[in-house]
Amino acid sequence: MLHIGCHLSCSNGYLAMGRQAVSIGADTFQFFTRNPRGGSVKPFDAEDAAALNDFMREHDFAPVLAHAPYTLNAAAADARVREFARMTMREDLERLAHIPQAMLNFHPGSHVKQGAEEGIRLIAQMLDEVYTDDLPTTVLLETMAGKGSEVGRNFEELRAIMDASRAGGRLGVCLDTCHVFDGGYDIVNRLDDVLEEFDRIVGLSRLRAIHLNDSKNTLGSRKDRHEKIGEGGIGLDALTRVINHPALKNLPFYLETPNELDGYAREIALLRGAYAQG
Ligand code: FE
Ligand code: FE
Ligand code: ZN
């Protein structure tokens, strides 16, 4: 069975997202933990979280994915920005402890002229401070396209963060198909080779989630602009091979394509049809 969902708005709460997911044929979803471009957050509603837990159990959901805000940059040169990253991740992880079936995905950060090595050191330091053993949530590093000074633009940088952090053994990876394609990994013509490379450098056991997106740009463009499934540089055939690949087919897939709810419903139906049963 294909586990698939899409990004949903959290504005009506946790249970509302679960219901919305079911209404479009999804068995999981992704949401922002707080305002993605600011960082403000609503008061936590433990009852709503418990209601989602029950709902997910009743409807056999795959793990849901919480996405940290874009403003979280643990690799920043500015100490105040790094402090915001620490506070935000700590608070989000404390909330997510109430939703055992959630994982937290974040963009490793941007080093802004400090160099990738220093960026990696700062990200690992933040994780050491906030991702303490008492927090049950699995934290995922997202593969980035490499625009600007993004850290995590290749598998080696993700590995380096894991190696530099005491919490490294608990970290997983969320592979974004648009990002790796824009970052230069040819998942259209060489999917097996790319996954072999991932396995050698990071380890396939660390791969816990896939952001399933097409790309508005070409291989290696380092752009990061998502396109609807089948309408971009990756294409439906290649994305069909992704969801059916033996190393990936049991993972949860999350659409982050430029769609409203009805468009997501169509893409989910399309991909369910393209998923080989058995
Ligand atoms: Fe992301
Ligand atoms: Fe993504
Ligand atoms: Zn993106």
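Ligands are counted one by one from 1 in listed order, and the atoms in each one are counted from 1 as well.
Put simply, Asp176 stays out of reach of the Zn ion (ligand 3), with no N, O or S atom under 2.8 Å from it. Residue contact annotation: His211 places no N/O/S atom under 2.8 Å from the Zn ion (ligand 3). Between the Zn ion (ligand 3) and His179 there is an N/O/S contact shorter than 2.8 Å.
The Zn ion (ligand 3) is closest to atom NE2 of His226 (considering only N, O or S atoms). When you scan the N, O or S atoms of His107 for the one nearest the Fe ion (ligand 1), you land on NE2. Restricting Asp224 to its N, O or S atoms, the one at the least distance from the Zn ion (ligand 3) is OD1.
Proximity of a side-chain donor or acceptor of Arg34 to a complementary backbone N or O of Lys42 within less than 3.5 Å is not detected. In terms of modelled atom types and a separation under 3.5 Å, the side chain of Thr177 and the main chain of His211 share a donor-acceptor contact.
Protein N/O/S atoms closer to the Fe ion (ligand 2) than 2.8 Å number 4 in this structure.
Here the closest heavy-atom approach between residue Val130 and residue Arg86 is recorded as CG1-O, 3.5 Å. The shortest heavy-atom contact between Cys178 and Ser215 is SG-CB, 3.8 Å. Shortest non-hydrogen contact noted between Tyr131 and Arg170 is O-NH1, 3.1 Å.
Using a 3.5 Å distance cut-off with no hydrogens or angles, the side chains of Ser165 and Asp128 do pair a donor with an acceptor. Using modelled atom types, one finds a donor on one side chain and an acceptor on the other under 3.5 Å when comparing His107 with Glu142.
With rounding to the nearest 0.5 Å, the separation of CE in Met56 from CG in Leu15 is 11.5 Å.
A tilted orientation is assigned to the rings of His226 and His179, their planes being inclined by 30° to 60°.
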